[in-house]
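Taking it in order: structure first as structure tokens, then the write-up.
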Number of protein chains: 2
Amino acid sequence: MVGIKDVAKAAGVSVSTVSNALNGRKNVGEETRNKILQLCEEMQYFPNAAGKNLKSGTSNTILFNFSDFDRSFYLKIIEGINDYANANNFDLMICTNKSCEKYMRSNLTSGCITLDVKMGNEVMNRAANENYPIVVLDRVLDNPHIKSIVVNNYDPMVEMLQGVVDRGYRRFSFLGGLESTDDNSERYQAFLDVMEKNSIPFQRRNYYSGDYREKSGYTAAKIMTLSGEVPEVIVCANDNMAIGAIRAFHESGLRVPQDVAVTGFDDCDLAEAMGLTTVCIPNYERGYMAAQSLVDIIRGNSDMETLKISASIKWRKSVWDKRPRNMVK
Amino acid sequence: MVGIKDVAKAAGVSVSTVSNALNGRKNVGEETRNKILQLCEEMQYFPNAAGKNLKSGTSNTILFNFSDFDRSFYLKIIEGINDYANANNFDLMICTNKSCEKYMRSNLTSGCITLDVKMGNEVMNRAANENYPIVVLDRVLDNPHIKSIVVNNYDPMVEMLQGVVDRGYRRFSFLGGLESTDDNSERYQAFLDVMEKNSIPFQRRNYYSGDYREKSGYTAAKIMTLSGEVPEVIVCANDNMAIGAIRAFHESGLRVPQDVAVTGFDDCDLAEAMGLTTVCIPNYERGYMAAQSLVDIIRGNSDMETLKISASIKWRKSVWDKRPRNMVK
DNA sequence: TTGTAGGCGTTATCAC
DNA sequence: GTGATAACGCCTACAA
């Protein structure tokens with residue numbers, strides 16, 4: 001590995017002159033600078049990030065952390081982050097839960113965006129400080145150096161479910177996601193409130209527990225069909241589980257929506273193709289805004305208020321209108 | 001930021017003793033060790049990766065580089081890499097093209113896996129050496145420190161297209177991907193060879209240029225419909241473009257496969273849902289094998305032979321059997 | 001305009 | 001068992 005020292009020796013100057021030349025400082029003679037730059041080229045010198053960061057303590061790099069490879073919208077979020085970062089001269093580094101703390105707590109990065117159920121609150125609270133801001137998605141933390149960006153789950157869920165009720169559905173089941181997540185609580189609360197508002201009785205045994213993954217939706221739906229407890233509509237806490245459920249119903253010979261309707265949440269790629277009625281979360285924009293917030297904070301413009309972003313409803317064929325005059329459609 | 005030095009001061013010992021204690025060396029007294037460990041806990045000490053790497057020159061970390069957020073199979077590849085890395089005590093760090101060279105050339109990582117059309121060969125050739133191996137997917141490079149893992153495009157493409165011919169199709173169009181890629185050349189060559197073998201004339205004007213993205217497939221299909229040059233079947237160099245084409249055909253009122261059949265390549269998530277006939281690349285396994293190869297090389301077991309992995313065909317409803325007796329189906 | 005020296009956080013070597 | 005001390009590659013006063 002060729003370092004600044006080797007270049008200095010080759011150029012017959014000191015290391016500081018090389019450093020100055022490379023960093024575009026003006027206290028270097030025209031001739032010297034050219035010679036150094038040319039040598040760097042020839043010798044294939046490349047600055048070592050470790051050494052650089054260690055000294056300067058600054059990196060212009062943002063870290064993104066995730067650990068769930070099942071949900072393709074992560075790519076959209078990364079794309080949003082990447083676009084904002086690139087446009088603002090920040091580098092992007094991505095890691096999974098396992099090595100996240102390592103990169104947060106070593107001036108290799110200037111701040112972190114995290115969207116990872118496996119990431120513990122303690123880890124974030126330990127890492128965040130006035131020099132290291134964190135933006136967390138889908139979770140609200142009470143820490144002056146951590147900004148939250150959450151989706152407004154409640155309102156669109158209420159709106160969608162009221163629409164389902166209005167279309168004539170009465171017998172509901174709910175398929176929940178990870179119960180430790182705020183997302184799941186809010187979506188479930190919205191569900192309960194709509195039930196109550198419309199005086200539709202709901203029994204806890206019609207709540208099925210899932211983990212947001214397709215397989216858990218599949219399993220839940222299998223259980224329903226085997227036990228003969230298939231509802232008129234199954235409301236899922238996310239699309240993946242809804243898709244798993246649809247697959248299970250199809251395998252059991254049940255038609256969606258004729259025999260059972262299904263709703264999701266997220267609007268993932270597959271949702272459109274499968275005709276799933278769902279709530280659309282603007283993921284690219286979420287990533288972009290997260291990066292924007294983080295860079296703002298790094299630059300000292302600290303708005304740490306929780307940001308709530310809104311979502312919209314996509315009506316598709318997994319729910320139809322049960323009311324008589326529309327049956328034909 | 002609390003460092004080893006602060007802990008040493010608090011414990012009333014020297015920095016070397018703290019370092020020794022933390023790294024589990026046996027030349028530290030039982031009592032001293034306990035006191036140090038407890039202090040680290042209390043003071044929330046966390047080792048700084050930059051300092052560590054700078055000194056040790058080793059990192060047990062593998063780098064993955066990609067830049068295309070349009071293709072969801074990247075998540076599967078990442079998952080494969082992550083699983084192998086975790087199981088073998090390697091950390092995973094992911095970056096996009098922009099900052100890749102920085103992380104390759106600064107002992108923060110021990111090797112790199114790259115799958116990125118934007119990554120230039122020169123960059124890889126500069127970075128790879130006996131201490132820094134690279135595994136590159138979908139590209140073959142002539143460099144003793146770079147191992148290639150490629151998909152056998154040719155054989156499954158020939159097999160699939162022969163099947164299409166056997167089903168009675170004769171008027172073909174080909175929708176190509178980025179022409180600089182080996183993948184595209186091989187897939188196209190397979191196409192040409194099947195045409196020739198079956199004495200089906202193919203004119204170059206029925207080759208449409210795309211860039212692997214959905215939009216380019218959409219555009220190409222729009223052009224076909226508008227110019228009235230819709231073939232019996234359109235063979236696409238990947239799924240994304242095939243999906244774009246299907247969308248365009250549907251918008252123009254054409255049915256798939258009744259009015260026009262479509263084939264893809266990749267077997268992305270959407271392919272199954274949309275019923276696209278395609279070639280299935282085992283992505284999780286690809287990622288896993290790439291990580292395995294890289295770790296092997298890092299550990300000195302250097303098999304640098306190009307690895308060719310095979311793919312399988314998925315017959316779905318975007319191609320049906322045109323021959324009379326099966327028309328009904 | 002250029003060079004010297006100290007330090008960023010860590011580990012390794014070698015005295016004690 | 002423990003502690004100085006010198007590196008690793010780079011940057012930045014400050015001195016020349």
Surrounding CD of A:Glu41 (heavy atoms of other residues, nucleotides or ligands, distance under 6.0 Å), is the total greater than 12?
no
Between B:Thr32 and B:Leu54, which has a closest nucleotide on DNA chain D that is more 5'?
B:Thr32
Spacing of B:Asn107 atom CG relative to C:dG9 atom C1', expressed in whole Å
14 Å
For B:Glu79, the salt bridge (Lys or Arg N to Asp or Glu O under 4.0 Å) test, sequence neighbours excluded, returns B:Lys76
For atom NZ of A:Lys215, decide whether the heavy atoms of other residues, nucleotides or ligands shown that lie under 6.0 angstrom number more than 12.
no
For A:Tyr212 and A:Asp68, what are the C-alpha separation, side-chain angles and deciding distance, and is it a side chain to side chain donor-acceptor pair (under 3.5 Å)?
CA-CA 10 Å; A:Tyr212 287 133; A:Asp68 183 354; over 6 Å; no
Let me know the distance between CD1 of A:Ile36 and P of C:dT1, rounded to the nearest Å.
13 Å
Under 3.5 Å donor-acceptor, B:Ser185 side chain and B:Asp183 backbone
no
Bending between helix ends of the helix from C:dT1-D:dA16 to C:dC16-D:dG1 [5 pairs per end, 10° resolution]
50°
DNA chain D: 5'-proximal contact among A:Leu22 and B:Ser14 (nearest heavy atom):
B:Ser14
At a cut-off of 3.5 Å, list every protein nitrogen or oxygen paired with a nitrogen or oxygen from nucleotides 12-14 of chain C, distance to 0.1 Å.
| from | atom 1 | to | atom 2 | distance (Å) |
| --- | --- | --- | --- | --- |
| C:dA12 | OP2 | B:Arg25 | NH2 | 3.0 |

Side chains of residues 119-141 of chain A: which donor-acceptor pairs under 3.5 Å do they make with residues two or more places apart or in other chains?
| from | atom 1 | to | atom 2 | distance (Å) |
| --- | --- | --- | --- | --- |
| A:Asn121 | OD1 | A:Arg139 | NH1 | 2.7 |
| A:Asn125 | OD1 | A:Asn143 | ND2 | 2.7 |
| A:Asn125 | ND2 | A:Asn121 | O | 3.3 |
| A:Arg126 | NE | A:Glu101 | OE2 | 3.1 |
| A:Arg126 | NH2 | A:Glu101 | OE1 | 3.3 |
| A:Arg126 | NH2 | A:Glu101 | OE2 | 3.3 |
| A:Asn129 | OD1 | A:Asn131 | N | 2.7 |
| A:Asn129 | OD1 | A:Tyr132 | N | 2.9 |
| A:Tyr132 | OH | A:Thr109 | OG1 | 2.7 |
| A:Tyr132 | OH | A:Gly111 | O | 3.4 |
| A:Asp138 | OD1 | A:Arg286 | NH1 | 3.0 |
| A:Arg139 | NH1 | A:Met119 | O | 2.7 |
| A:Arg139 | NH2 | A:Asp116 | O | 2.7 |
| A:Arg139 | NH2 | A:Met119 | O | 3.1 |

Students should find that the nucleotides of DNA chain D closing off the region near chain B, any atom under 4.0 angstrom from a heavy atom, are D:dG1 to D:dG9
Whether over 12 other heavy atoms sit under 6.0 Å from A:Lys35 NZ
no
Has A:Asp91 got a side-chain atom pairing as donor or acceptor with A:Ile62's backbone, closer than 3.5 angstrom?
no
Does any N or O in the side chain of A:Ser106 come within less than 3.5 Å of the main-chain N or O of B:Asn48, such that one atom is a donor and the other an acceptor?
no
In residues 20-30 of chain B, what donor-acceptor pairs under 3.5 Å come from side-chain atoms, sequence neighbours left out?
| from | atom 1 | to | atom 2 | distance (Å) |
| --- | --- | --- | --- | --- |
| B:Asn20 | OD1 | B:Arg25 | NE | 3.2 |
| B:Asn20 | ND2 | B:Ser16 | O | 3.1 |

